[in-house]
Asks: 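Would you mind keeping the following structure in view while I ask a few things?
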2 protein chains.
Amino acid sequence: MDKIQFLSRLPLFRGLPDEELRTLAEIAGVKTYRRGETIFLDGGEGHGFYVVFTGKVKIYKLSPEGRELVLHIMGPEDSFAEVPVFEGRHYPANAEAVEDTRVLFFPREALLQTIRRDPSLAMNMLAALSARLREFAQRMEDLSLKDVPSRLSAYFLHLSEQEQGSDELDLDIKKGLLASLIGAKQESLSRILAKMSERRIIEVKGKKIRILDRQKLKKIAAGDRTLFN
Amino acid sequence: MDKIQFLSRLPLFRGLPDEELRTLAEIAGVKTYRRGETIFLDGGEGHGFYVVFTGKVKIYKLSPEGRELVLHIMGPEDSFAEVPVFEGRHYPANAEAVEDTRVLFFPREALLQTIRRDPSLAMNMLAALSARLREFAQRMEDLSLKDVPSRLSAYFLHLSEQEQGSDELDLDIKKGLLASLIGAKQESLSRILAKMSERRIIEVKGKKIRILDRQKLKKIAAGDRTLFN
DNA sequence: TTGCTTTTTTGATCTGGGTCAAAGATTTTA
DNA sequence: TAAAATCTTTGACCCAGATCAAAAAAGCAA
């Protein structure tokens, strides 16, 4: 397994001298989790951070009554649980493998030492956290100011962008998980998908979505509700 | 005005050598804004970050239709707009003075250079961004999984903690702003305050709140709705 | 294949909190 | 101090989306 090569591709480690990279690669442990397994729990003590190697991890919050909000779905090359490395020492959310997953684990101290030695890692990390803050601010806005169809449409457009503007989207996750990711209930999502299909805005085949009318999708994302009345 | 002394008290600059601190103090510009004045707009180009000296600044998002979500109310010693320094170069939200306000402004380049020279500033900054991420994750959970009375109660308990557990709270901001901070409409907030007063959970006198029944407040914060039925 | 589990859809109903409108209170300004 | 502007409360009504229940579809194991 070529850990070093993998690490060198990560934006987080860009610009790091090979030697530092080698040290990090040595220190990083591989952990494997099966589908459904918990990686850590909200409030648990965090001793380092993770990078997904293969598989998929959901980062989520649970309310006392057991309702769930998914903050992120992390895939290969994504890192998570940086926060407790730098502040507070306990995890700010739960993490669970939604597929069989392998992750790299970097112990806090190793990372902190590298950061102290090499400002470029600090800068990369600051950029990464900043990007996430930006994303959260947007998510919060969406959650409190936009309705569910709008959030769903925005999500589709986002997926499409990630696939170079393709009209063929692969959700790649269960619908229930998608619902929780956009802050809705499974039943609501199902109804909205049905309505959007009926209106020929999208076509749904299992986990495959085809965008039929990008203009209308954009309108809905921007808050237009006329299509639903 | 003793900029250096002020700066040396900030958690962000803790551990910085006096010389670096002096350099930063020299570079930092003071800007003043009147109540209601815009400091920057979402999407505008960001050339540095700010620390509140006196006054109060609201950081907020606006939906296309003009609905507002307040992300933060920043007071003296709080810093804001770090994100565009490290990533993306444009502001992720709007900022407006809600009182007559003086802020210190640190140009991006000065900050980046100090960070490159001194890892302790990088570490402080990473800790600050991490703390904010943690806060955002909590806010997102509250926004999507909790109801308005619960968010309001949590806010009161939070204020109380900041005042060493006192039962006498000073909102210090307009009710409309508070509403927008907890993701509600002014009218809803008003009704909930009325109901909580009627139930003798709190007492409201203008911007002063007195907690009468902390137990019930905690119950509501935890999601209990029996008090409202 | 068959049966069992999990996921998704559909139907019926309920409700928290938003909207619109107007009155009342407080603050600001002249 | 008056009057103008802004902020807050209250009332009537409405609706997006949650909940509860059950059927249908899709995955999966034996």
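These numbers were taken from a predicted model, which means no experiment stands behind them. In what follows, every heavy atom counts, from backbone to side chain, and hydrogens, waters and symmetry copies are set aside.
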Asks: Between I192(A) and G206(A), which residue's closest nucleotide on DNA chain D lies nearer the 5′ terminus?
Replies: I192(A)
Asks: Answer yes or no: does a side-chain N or O of R225(B) lie under 4.0 Å from OP1 or OP2 of dG17(C)?
Replies: yes
Asks: Report the distance from atom CD of E65(A) to atom C1' of dT19(D), rounded to the nearest whole Å.
Replies: 14 Å
Asks: Note the angle between the end axes of the helix from dT1(C)-dA30(D) to dA30(C)-dT1(D), five pairs defining each, rounded to 10 degrees.
Replies: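 Taking five pairs per end, the axes differ by 50°.
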Asks: Using residues 40-50 of chain B as the side-chain source, report each donor-acceptor pair under 3.5 Å to any protein atom, sequence neighbours left out, with the distance given to one decimal.
Replies:
from, atom 1, to, atom 2, distance (Å)
D42(B), OD2, K61(B), NZ, 3.2
Y50(B), OH, Y91(B), OH, 3.4

Asks: What does the list of N/O pairs under 3.5 Å between the protein and nucleotides 6-10 of chain D look like, with a distance for each?
Replies:
from, atom 1, to, atom 2, distance (Å)
dC7(D), OP1, K174(B), NZ, 3.0
dT8(D), OP1, K175(B), N, 3.1
dT8(D), OP2, K175(B), N, 3.3
dT8(D), OP2, G176(B), N, 3.2
dT8(D), OP2, Q186(B), OE1, 3.2
dT9(D), OP1, K175(B), NZ, 3.3
dT9(D), OP2, S190(B), OG, 3.1
dT9(D), O5', S190(B), OG, 3.1

Asks: Could you work out, with salt bridge (charged side-chain N to carboxylate O under 4.0 Å, His left out) as the rule, every residue matching R67(A), not counting sequence neighbours?
Replies: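 R67(A): no salt bridge (charged side-chain N to carboxylate O under 4.0 Å, His left out) contacts found.
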Asks: Can you check side-chain contact (heavy atoms from CB on, under 4.5 Å) on S144(B) and R139(A), steps first, answer last?
Replies: CA-CA 11 Å; S144(B) 90; R139(A) 294 275 300 282; over 6 Å; no
Asks: With K56(B) as reference, evaluate T101(B), D172(B), D78(B) under the side chain to side chain donor-acceptor pair (under 3.5 Å) test and give the passing residue.
Replies: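 The side chain to side chain donor-acceptor pair (under 3.5 Å) with K56(B) is passed solely by D172(B) among T101(B), D172(B), D78(B).
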Asks: For DNA chain D, determine which residues of residues 138-155 of chain B have any heavy atom closer than 4.0 angstrom to one of its atoms, and list them numerically.
Replies: none
Asks: What integer distance in Å separates M196(A):CE from dT9(C):P?
Replies: 14 Å
Asks: Just jot down the ring pair (Phe, Tyr, Trp, His ring centres under 6.0 Å) partners of F136(B), sequence neighbours excluded, or say none.
Replies: H72(B)
Asks: Given salt bridge (Lys or Arg N to Asp or Glu O under 4.0 Å), test E68(B) with K58(B) step by step and report yes or no.
Replies: CA-CA 11 Å; E68(B) 169 185 295; K58(B) 84 172 168 193; 3.3 Å; yes
Asks: Can you confirm whether R199(A) is buried at CZ, in the sense that more than 12 heavy atoms of other residues, nucleotides or ligands lie under 6.0 Å from that atom?
Replies: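 Counting other residues, nucleotides and ligands, CZ of R199(A) exceeds 12 neighbours.
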Asks: Keeping S130(A) on the side-chain end and L126(A) on the backbone end, is there a donor-acceptor pair under 3.5 Å?
Replies: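 A pair under 3.5 Å: yes.
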Asks: If I take atom CG in residue L69(B) and atom P in nucleotide dG18(C), what distance separates them, rounded to the nearest angstrom?
Replies: 12 Å
Asks: Starting at CZ of R67(A) and ending at P of dG17(D), how long is that distance when rounded to a whole Å?
Replies: 13 Å
Asks: When you compare the side chain of L152(A) with that of L178(A), does any pair of heavy atoms fall below 4.5 Å?
Replies: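 Contact flag for L178(A)/L152(A) side chains = yes.
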Asks: Got a salt bridge between D170(B) and K208(B), using NZ or NE/NH1/NH2 to carboxylate O under 4.0 Å?
Replies: yes
Asks: So do F156(B) and L171(B) actually touch side chain to side chain, heavy atoms under 4.5 Å?
Replies: yes
